[in-house]
Amino acid sequence: MIKVCFFADLRERLGCADMLVEHFSGENIAQLKDFIVKQHPQWEKIFLEKKLLIAVNHAMANNNSAIVAGDEVAFFPPVTGG
Amino acid sequence: MIKVCFFADLRERLGCADMLVEHFSGENIAQLKDFIVKQHPQWEKIFLEKKLLIAVNHAMANNNSAIVAGDEVAFFPPVTGG
Amino acid sequence: MSNSVRVQTEDFDLNKEYNHLRAAHYPCGAVVLFSGLVRDFLPPQQLISLELEHYPGMTEAMLQQLSTAATARWKLLGTTIIHRTGKLLPGDQIVLVGVSSAHRTDAFEAAQFIMDTLKTSAPFWKKETLKQYPGSAPESYWVAAKDSDEQLAQRW
Amino acid sequence: MSNSVRVQTEDFDLNKEYNHLRAAHYPCGAVVLFSGLVRDFLPPQQLISLELEHYPGMTEAMLQQLSTAATARWKLLGTTIIHRTGKLLPGDQIVLVGVSSAHRTDAFEAAQFIMDTLKTSAPFWKKETLKQYPGSAPESYWVAAKDSDEQLAQRW
């Protein structure tokens, strides 16, 4: 099971703050995206956006980053703090 | 008449904080230095030091800077504030 | 060496942080403080409020990384990073970065590095509620990331 | 726009200057403060005191020039430069430079410019009274100008 979080603009557009992804047998972020998009086809366009940022267990990651059961994955737009 | 001031290390080494130079008929700082050194030959070496800084009427100046009667001229070592 | 990282809804007291940075460490010769404030728009626009969302846990981890990276790269005596979240009003303090060091250049560069990197890597997002002209209905927008911030971060 | 230049024997209140820079001008998004402190030596040396001599009249004129030059070169909302003179003790505040602006880069660069240029052009001189080892008699030395400060000033 993977915990997935969405933030800011992305959270609002998806209408979802976080979800638990079960029965995921892939090994990296790209596969996780495919898996989620299969469950939520209407999210595909948003998930393909170039500027989508990714974190795994609170560290910046990318499509090739490995993930295992129990990981926390976050998707969010470019940050605007400070 | 030219008012001449000395600061910091230079003031201590010359044993003089300020002086009034009278009967000076030159037109620039180099001539003023020569004039003062004629009155105080023991100051010559100090006046030839490369790092001696010069101000005329509170603005940084150099050996070629023009001066006229009533000006305030200052000589001092490299500054160390801040 | 004292490094402090805080993410909080409450306001902060710049003077208290300054006194801590200044007093606690030896031989401190320079303190640089950066304070980021909620900036209003130019009339006829008017900012009503700003909502700062963040990613709890990751924000603290990223700010701690910035502090550690700055301390590894410059000779520092202390660092303080405070970032607020939640609802803020025009003029409010958003972020404080404080750095103390023996020599000024270390403190200046480290503070700039922390701010530039925070801007592009710490998971905070701003949503503005503003009026386009007096009497208009307030509307809310997510602030877009700036390319200029990306460029500033890349110089480090 | 508010520019303040002061040369004084009294201590200054950084927080008061911060609040002035922060509050008075619109639309302020960034304040950078630099505080320079009397740094003690590393043991076994010990700084007893520091005497700051200056050239009255010229110091104020030079600091005002720095403020004017910074304001011409960067987009600033306010600048504050305070430099103390007379006898100071380890840990005492010597100099404050504060800059406010809409965007952080202007404030950071202007504050660094002012400090770097002040260091090589404002007529202040430091004389240190220090002990070379515990129990030794205090001796006084004029501080020598540093080549590194000259280089830092030349980058502007």
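Keep in mind that the numbers below use all heavy atoms, side chains included, and drop hydrogens, waters and symmetry copies. Naming convention: chains lettered A, B, ... in sequence-line order (proteins, then strands); numbering from 1 in each chain. In this text the structure is predicted, and so the values were computed from the model without any measurement.
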Q: Could you walk me through whether D:F124 and B:T80 pass the side chain to side chain contact (heavy atoms under 4.5 Å, CB included) check?
A: CA-CA 6 Å; D:F124 294 99; B:T80 57; over 6 Å; no
Q: Could you tell me whether B:E49 atom CD has more than 12 heavy atoms of other residues or ligands within 6.0 Å of it?
A: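 Buried by this count: over 12 neighbours within 6.0 Å.
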Q: Excluding sequence neighbours, so at least two apart, what forms side chain to side chain contact (heavy atoms under 4.5 Å, CB included) with D:S140?
A: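 D:S140 satisfies side chain to side chain contact (heavy atoms under 4.5 Å, CB included) with D:K127, D:T129 once adjacent residues are dropped.
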Q: Do you know the tightest heavy-atom contact between D:H54 and B:F7?
A: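 Shortest heavy-atom separation between D:H54 and B:F7 comes out as O-CE2, 3.6 Å.
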Q: With heavy-atom distances below 4.5 Å as the criterion, would you say the side chains of D:Y55 and B:E72 are in contact?
A: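 Side chain of D:Y55 against side chain of B:E72, heavy atoms only: contact under 4.5 Å found.
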Q: Side chain to side chain contact (heavy atoms under 4.5 Å, CB included) between D:M62 and B:M60: does it pass, once the steps are laid out?
A: CA-CA 9 Å; D:M62 291 301 287; B:M60 296 302 287; 4.2 Å; yes
Q: Contact part of D:T59 toward chain B, heavy-atom cut-off under 4.5 Å: side chain, backbone, both or neither?
A: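 It is neither, since no heavy atom gets under 4.5 Å.
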Q: Between D:E53 and B:F76, is a side chain to side chain contact (heavy atoms under 4.5 Å, CB included) present by the stated rule, with each step listed?
A: CA-CA 11 Å; D:E53 180 172 332; B:F76 45 80; over 6 Å; no
Q: Looking only at heavy atoms, which of residues 31-50 of chain D get nearer than 4.5 Å to chain B?
A: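 Expected list: none.
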Q: Would you give the length of the straight line joining atom CH2 of D:W125 to atom CG of B:L10, rounded to the nearest 0.5 angstrom?
A: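 Between atom CH2 of D:W125 and atom CG of B:L10 there are 9.5 Å.
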Q: Report the option among D:M58, D:K126, D:K146, D:R84 that has the most heavy-atom pairs separated by less than 4.5 Å from atoms of chain B.
A: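 Among the listed options, the one with the most contacts to chain B is D:M58.
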Q: Measure across D:A122 and B:V79 and return the closest heavy-atom pair with its distance rounded to 0.1 Å.
A: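 Closest approach of D:A122 to B:V79, heavy atoms only: O-CB, 3.2 Å.
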Q: Looking only at non-hydrogen atoms, find the nearest pair between D:H83 and B:G82 and report the distance.
A: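 Shortest heavy-atom contact: NE2-N, 2.8 Å.
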